[in-house]
> 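The structure that follows is given in the form of structure tokens.
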Amino acid sequence: MKEIRTRFAPSPTGFMHIGGVRTALFSYLIAKHNNGSFILRIEDTDQTRYVEGSIEVIYNTLRDLGLNWDEGPDIGGKYGPYVQSERKNNYLKYAQQLIDEGQAYYCFCNEDRLEDLKKIANNKKIPYKYDGKCRELNINEVQKRIEEGEKYVIRFQMPRTGKTIFDDKVYGKITVHNIELEDLIIIKSDLMPTYNFANIIDDHEMDITHIVRGNEFVSSTPKYVLIYQAFGWNIPEFIHLPVIKKEKDSDKKLSKRDGDATVEILKEKGYLNESIINMLALTGWSPGNEKEIFSLNELIEVFDISGISKGNAIFDVDKLNWFNNNYIRKLSIKELCQLTIPYLQKSYDLTEKSSLWLEKLVSIYQEQLSYGAEIIELTKLFFEEELEYDKEALDYLQTIDTKAVISTLKEEIIKINDWNEENIVKAINNIKEKTGIKGKPLFMPIRICVSGKMHGPELPMTIFLLGKEKLIKRL
Ligand code: GLU
């Protein structure tokens, strides 16, 4: 059987959008599930959109997530170079071949003429399409105009009759009438190929068997199919992925403007690579059963194209938090500290805190933590002088008499000489004996007094970490 070869072909235009990373992941999984190769190609033919540093961002993001490529700009491979701008001399000869065969033509229509055509279409309320005027030019006239230095582009000549059909692995059979297709520009006036042309040539030359990309490319694919056919090349499999939305049943696309839409931001907030991968895998794909937690290796094992859905790709932050919490709970204490302590360092003065104290502090929140940066808010009560009380806590305090518990707590705390958890437990037991109050009316006032909240980690440990002095002040 032919080796399966997939590619991820980002344009270096800035950050790594979640949608792009999902494309990379699915492309990677299809290759690896089939023992195939995953190729990284940088598509930088549109130099006006180039953003400095973004190739590094692409490398780092993919590497960090474990999506290692088998061939790419940095590691080479037998189909290199893997950067489109370094292949630029390659495309013209293919365009020339199409011209020689009468399947492409020089077009001299300038911006003004195209603008006029657009206006006319607009007025008639019909979709704009280039009218093919330059198809008719004869070879001598073309030659003369080129020699005179007139600017031109090269367009592919779409057939005007018949239909083009392709079988998308996700969306099924797609049919278009060729008459609807515009003569695609394949070479721009700067003699650089358009993305539309370069992707076909590169995918063919790199022997790509499965093309995975966002479904915004569905409408262009019939044009690509016609170009493959014009060259007489094998047509690869097409796998278009559903748009990622923010909420179910809404049209809200996840966009770069959304705070959570780039991997950088997720990482900054302290989301783990495992959960980003796990969440993205389930954004538009399902294993066909209830299982939700998957490592990258498990995904390689089970990923099947038939599980990709046409819709239903929802990137829900609550769900991401749920995944991340699952993975955070499995971290070793050392890993948990590595994840959380940098946030504490940035937000609070830790000069007087021992590493043991910090370790204990973060570990009491391990069960509930959703993402690294959340530790800042959760541990506020240990660092800030003024305690903030939750409304529900204040409401609760209105319903009972807390005086006896609080004053006895104060007495008992003052009495503790050796500040440790065991003595704190003893102190709480003493309050119970002295006041005769037990259960919620005993614990809740203490918890609220200590933390301002009705819920939180284990009380004696919280009190221990808060420290005697700070607690007495608070009481
Ligand atoms: N360079 C294109 C982009 O970043 C890739 C599309 C494709 O995968 O062919 O949108």
Side-chain angles (χ1 to χ4, degrees), residues 4-31 36-51 53-59 61-62 67 69 71-73 79 81-88 90-91 166 168-171 174 184-186 188 192-228 233 235-244 253-256 261-264 280 284 305 308 313:
I4 303 259
R5 291 175 57 82
T6 66
R7 70 356 178 231
F8 177 51
S11 304
T13 54
F15 291 104
M16 280 285 268
H17 184 253
I18 282 291
V21 182
R22 196 255 328 242
T23 302
L25 173 64
F26 284 22
S27 191
Y28 172 86
L29 291 174
I30 291 169
S37 298
F38 173 61
I39 287 99
L40 176 64
R41 180 172 79 223
I42 301 295
E43 302 207 321
D44 59 346
T45 48
D46 190 352
Q47 296 285 343
T48 56
R49 290 171 66 218
Y50 181 79
V51 175
S54 40
I55 297 186
E56 287 308 313
V57 173
I58 295 168
Y59 289 166
T61 308
L62 295 180
L67 305 180
W69 48 99
E71 295 164 32
Y79 298 88
Y82 294 88
V83 178
Q84 246 167 14
S85 56
E86 293 169 25
R87 302 171 72 85
K88 67 176 175 228
N90 202 23
Y91 306 104
F166 73 95
D168 186 90
K169 284 271 173 256
V170 177
Y171 290 85
I174 297 191
L184 207 58
I185 297 180
I186 56 177
K188 294 180 279 190
M192 283 288 264
T194 54
Y195 157 75
N196 288 321
F197 193 51
N199 90 86
I200 298 169
I201 305 296
D202 290 345
D203 285 336
H204 170 73
E205 291 205 324
M206 294 182 180
D207 217 0
I208 302 300
T209 58
H210 290 64
I211 296 183
V212 184
R213 57 185 161 216
N215 72 3
E216 65 273 24
F217 288 98
V218 169
S219 62
S220 303
T221 303
K223 300 179 208 169
Y224 303 159
V225 167
L226 283 162
I227 297 179
Y228 278 101
W233 292 340
I235 296 172
E237 301 286 1
F238 292 105
I239 296 139
H240 286 102
L241 307 181
V243 171
I244 301 184
K253 271 202 211 170
L254 195 71
S255 77
K256 284 194 197 178
T262 68
V263 175
E264 288 76 6
L280 284 178
I305 298 173
I308 302 175

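Both ligands and their constituent atoms are indexed starting at 1 by order of listing. This chain uses plain numbering: 1 for the first residue, then up along the sequence.
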> For residues 14-24, which residue pairs pass the salt bridge (charged side-chain N to carboxylate O under 4.0 Å, His left out) check, not counting sequence neighbours?
none

> Tell me if the NZ atom of K188 is crowded by more than 12 foreign heavy atoms within 6.0 Å.
yes

> Any donor-acceptor pair under 3.5 Å linking the side-chain atoms of D202 with those of Q84?
yes

> What verdict does the side chain to side chain contact (heavy atoms under 4.5 Å, CB included) test give for I305 and H210, after you've listed the backbone C-alpha separation in whole Å, the side-chain angles of each residue and the deciding distance to 0.1 Å?
CA-CA 11 Å; I305 298 173; H210 290 64; 4.1 Å; yes

> Can you work out which protein residues put a heavy atom within less than 4.0 Å of ligand 1?
R7, A9, P10, S11, E43, Y195, R213, F217

> Pairing donors with acceptors under 3.5 angstrom, does anything connect the side chains of Y82 and E71?
yes

> Only one of I211, V212, V218 passes side-chain contact (heavy atoms from CB on, under 4.5 Å) with F238; say which it is.
I211

